[in-house]
Number of protein chains: 2
Amino acid sequence: MAPTIRDVAEASGVSISTASKGLHGKGRMRDDTRDRIIAVARELGFRPNLNASSLTSGRTFTVGLLTRDGYGRFTPTLLGGIEDSLTAETSSLLLCDARRDTVRERHYLDALIAKRVDGLIITGRATDPTPHAPRNLPFPVVYAYRTSDDPTDTSVTVDDEHGGYLAGRQLLRQGCRSILHLTGPAHYLAVTERISGARRALAEHGLELPDERVVHLPFDENQAYRSVNRLLERFPDTDGIFCGNDQLGRGVADALTAAGRRVPEDIALVGFDNWTLLAAHTRPPLTSIDMNLYSLGRTVGETMLNSINGSATPGVVKQTCMLAIRESCPAPAEGDPVWTSDYPMIPDA
Amino acid sequence: MAPTIRDVAEASGVSISTASKGLHGKGRMRDDTRDRIIAVARELGFRPNLNASSLTSGRTFTVGLLTRDGYGRFTPTLLGGIEDSLTAETSSLLLCDARRDTVRERHYLDALIAKRVDGLIITGRATDPTPHAPRNLPFPVVYAYRTSDDPTDTSVTVDDEHGGYLAGRQLLRQGCRSILHLTGPAHYLAVTERISGARRALAEHGLELPDERVVHLPFDENQAYRSVNRLLERFPDTDGIFCGNDQLGRGVADALTAAGRRVPEDIALVGFDNWTLLAAHTRPPLTSIDMNLYSLGRTVGETMLNSINGSATPGVVKQTCMLAIRESCPAPAEGDPVWTSDYPMIPDA
DNA sequence: GTGAAAGCGCTAACAC
DNA sequence: GTGTTAGCGCTTTCAC
C-alpha cells in the first residue's frame, strides 16, 4: 500500500494540512518544519494520489486520444509530438481506438467522462472531416489530422494544398514542363488538395495540369508499377511525375528503371509523405513532401493545453509542409522550406 | 459541471447512499425506486466519477504503457491487441514514451504512481532484455516484446527461434539445399535466435548453415541490395535465401531481379516480420514470418489483467510465429502454422 | 426498504 | 507557524 499524506504527517509530527502545505511550498512555516516534512515524504517514497487531488482541483492531467479508425503509419510520429507538448503540464494520454465502431466509440467516450479527462483529442488516418463528437462532453475537444466536420470546432491538420504546391514547384525547378500526377482515389480530401496545390505552382509558370494528366489509382505500389509505362505511352512528353504518396512513388521509380528510363535525367519524381523507409531506400531515393507530423503533434498538444486553460482558439489550423530533397528530383530548394532532421528519436519506420 | 451522484439522489428524492445502491444494483429496494433512480441518472447524463470511486476501490482501471525507446513500426499492432484485451475489464492505456532518457522514465514512473495505475506494461522496439523497473513500484509490471533482464519477472515476447525454424523449413520444402542467411547486426537477440531456429530446421534434414553463410548487415534495404550479388559469386550454389527482415528481403529480391535471376525458380526467398506494405508489394511478393503481434498484444493484456487480479504467472512466455506464404517461396505449408488474416482492422502500414 | 455517518486521500478556508 | 474543519464524489456499514 502506497503511503498517504497522513503517514507523512504522522511521521513528521505535524497535522495533515501542514504536511500538505509543506509539500507544496504553500503557506508560511518554519524552514526546518518544511524540510522535515519533505525529507520524511522522500524517505517514505510518498507520491500524492492524483485521483484524490483531482476531486478538489478538477484537473486529472490526463487527455484522451480517440482514434476513430485505428493506428496508422502516421500515428507514432503524431503521438510523439502530442506527448512531448503535453508533458509541459505533466499531462498524459489515454488511448482509445474505436475501430470505426460507433458502439466502441460511445463506450470509450463514457470511460473518458468517467475518468474526467481534461480534454479529448480526436484523430484518424485521413485528413477528411469527421463527424464531430457529441456536444455535451464535459471537456474540450481538439481534432488532429482529421478535422471536424464543423469548421467552428478546433482542428489542427496538414496543409495538403501547400504540400502539392511544394511538389509542383520542385518539379518545375528541376526543369520539368510536362507533368503527370499519379495519385490515390479522388474521394480523399488530401488527394484533391494536393492536386490544387500542384496546379497553383504550375499556374505561376503559365503551365497547366489538365484533368487527363491526373491519374487516380488505389494507393498501392503495384498499381503504380503496372500503370506508369502505359501512361507514358499516352503522354510521351512527360518529364516529371508527382506521386500522391511514396508507395506510388516507389512503384513508379521501379517501373521506370525497369523500362530503362533514367530518374531524374529523363523523368524526375516527387513523392509525398516522406516516409523514410520507403523514400530513402527507393532507387534512386525519392524527393518527397514531409507533413511535419511531429510538429503537428506538438501544435495539437499545445492547442489542447490552451483549450483546457480556457484560451480557446476555435477553427481549423493548417500546418505547412516541407521539401525532403533526394536524388529523384534534386534541384536546390531556393527558399522553399526544407526538411532536414527526423523526429527527435528516429523511428524504425 | 458534470452531475454528481448527489444530483441524482436529490432529483429522485432519495439519499445519496440509496442512489449509489440503486445505480449498482446492490442492496434491497423497491423496484420502482431503483427504476426511478436509474431513469433520473440517465436523464441527467450522470457518469460516476471513477477517480472518486478509485479512492475506495483501489482500482483505477488504467494501465500504464511505458516504451523505453519510442514507438516503432510494431507498436500500433501490439497496442491494438493490448487495448482489445484490456477492454474486457474496461481498462485503458496511459501512454509514456521515455525516449531512452532515464530522467524522462523516472518522471513517467512518478506520474504513473501518482495516478495509481493498476499496472504497468513495459515495451520497446527490440526483443532484447531490458533493465527491469524499480522493485518498489506499487503495481505489477509486465514486459512486452522486450523481456526483463530478470527472467523471474513476467515477460511476454516473440519466439524468434521458432520464426527462424519456420523460415528454414519453408525453404527446405521449396527444395532449397544451399541456404544463405542475410540478417541484421549480431547484437540483436532476435538475430541470433532466428539463426538458431534456421539451423535447427536444416539439421532435421542433415543440413548445416555454417557461419560463413550467415551475413550480418545493418537492417537496411540498400545494403542488402548492394551485397547480395557479390555474395552469390562467393556462394554460387545458393538456391534459397533467408532474410532477417522484409527490408533486407526486398533489397535482395530487387537485386536478384536486376541481375536476371528468377525468384523463386533460381533462388527462393523468405523474409521476416510480414510487414504487409513491404512483403506484399515486393516483386515477387515475399514469403515472410509473421510474429502475430496483435495476438501477442492480447496475451500481454490478459497477463496484465491476471497480474492485477493477483493470479501472477511470472517468467518468460514466448509466442510462436506463423508462415505468410507468398510467391517468393510458395511451397505449401504442410502443417506449419499459416498466417492468413491481418490484425482485425487493417493498418495502412 | 431507506438513510445517516464514516471514510477513501487530499486541499483550502479559517481559527488559534 | 500550525492545526481544525469542511468538503471534493463515491462506497459501505450499520441503524432505523
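What you see is a predicted model, and the numbers here were worked out from it, not measured in a lab. Lettering follows sequence order; numbering is per chain, from 1. Just the heavy atoms: all of them, side chains too, but no hydrogens, waters or symmetry mates, feed the values below.
Between A/A52 and B/V14, the residue anchored closer to the 5' end of DNA chain C is B/V14, taking for each the nucleotide with the nearest heavy atom.
One atom, CZ of A/R47, and another, P of C/dC10, lie 13 Å apart when rounded to the nearest Å. Distance, A/R6 CZ to D/dT5 P: 14 Å, rounded to whole Å. Following rounding to the nearest Å, B/H24 (NE2) and D/dC10 (C1') show an atom-to-atom distance of 8 Å. B/L55 has its CG atom 10 Å from the C1' atom of C/dG7, to the nearest Å. Rounded to whole Å, the distance from CZ on A/R34 to P on D/dT2 is 9 Å. As rounded to whole Å, 15 Å separates atom C1' of D/dG9 from atom CG of B/L44.
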Pairwise N/O distances under 3.5 Å, protein to nucleotides 12-15 of chain D:
unit_1 : atom_1 : unit_2 : atom_2 : d
D/dT12 : OP2    : B/K26  : NZ     : 3.1

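The residue B/R30 sits close only to the backbone: its heavy atoms come under 4.0 Å of sugar-phosphate atoms, none of a base.
By the 4.0 Å N-to-carboxylate-O rule, A/R104 lies close enough to B/D84 to be salt-bridged with it. With respect to the salt-bridge test (charged N to carboxylate O, under 4.0 angstrom), the residues B/D97 and B/R68 do not qualify. For B/R106 and B/D101, the salt-bridge test fails: no basic side-chain N is under 4.0 Å from an acidic carboxylate O.
Among the nucleotides D/dT2, C/dC10, C/dG1, the one closest to any side-chain atom of A/N49 is C/dC10. Residue A/F46 has its side chain nearest to C/dC10 when only D/dC10, C/dT2, C/dC10 are considered. Which of D/dG9, C/dG1, D/dT4 sits closest to the side chain of B/M29 comes down to C/dG1. Distances were taken from every side-chain heavy atom of B/S15 (C-beta onward) to each of C/dG3, D/dG1, C/dG9; the shortest belongs to C/dG3.
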When you look at A/L293 and A/Y145, which way does the side chain to side chain contact (heavy atoms under 4.5 Å, CB included) test go after all the steps? CA-CA 9 Å; A/L293 291 173; A/Y145 196 64; 4.1 Å; yes

Report the C-alpha distance between A/R116 and B/L50 in whole Å, list the side-chain angles of each, state the deciding distance to 0.1 Å, and finish with yes or no for side chain to side chain contact (heavy atoms under 4.5 Å, CB included). CA-CA 8 Å; A/R116 299 294 191 269; B/L50 211 57; over 6 Å; no

Tell me, with the steps shown, if B/D110 and A/R47 meet salt bridge (Lys or Arg N to Asp or Glu O under 4.0 Å). CA-CA 7 Å; B/D110 286 343; A/R47 304 281 165 199; 3.3 Å; yes

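Under the 3.5 Å distance criterion, with hydrogens and angles disregarded, a donor-acceptor pair is assigned to the side chains of A/S92 and B/K115.
Regarding contacts with the backbone of D/dC8, every side-chain N or O of B/T4 stays at 4.0 angstrom or more from both OP1 and OP2.
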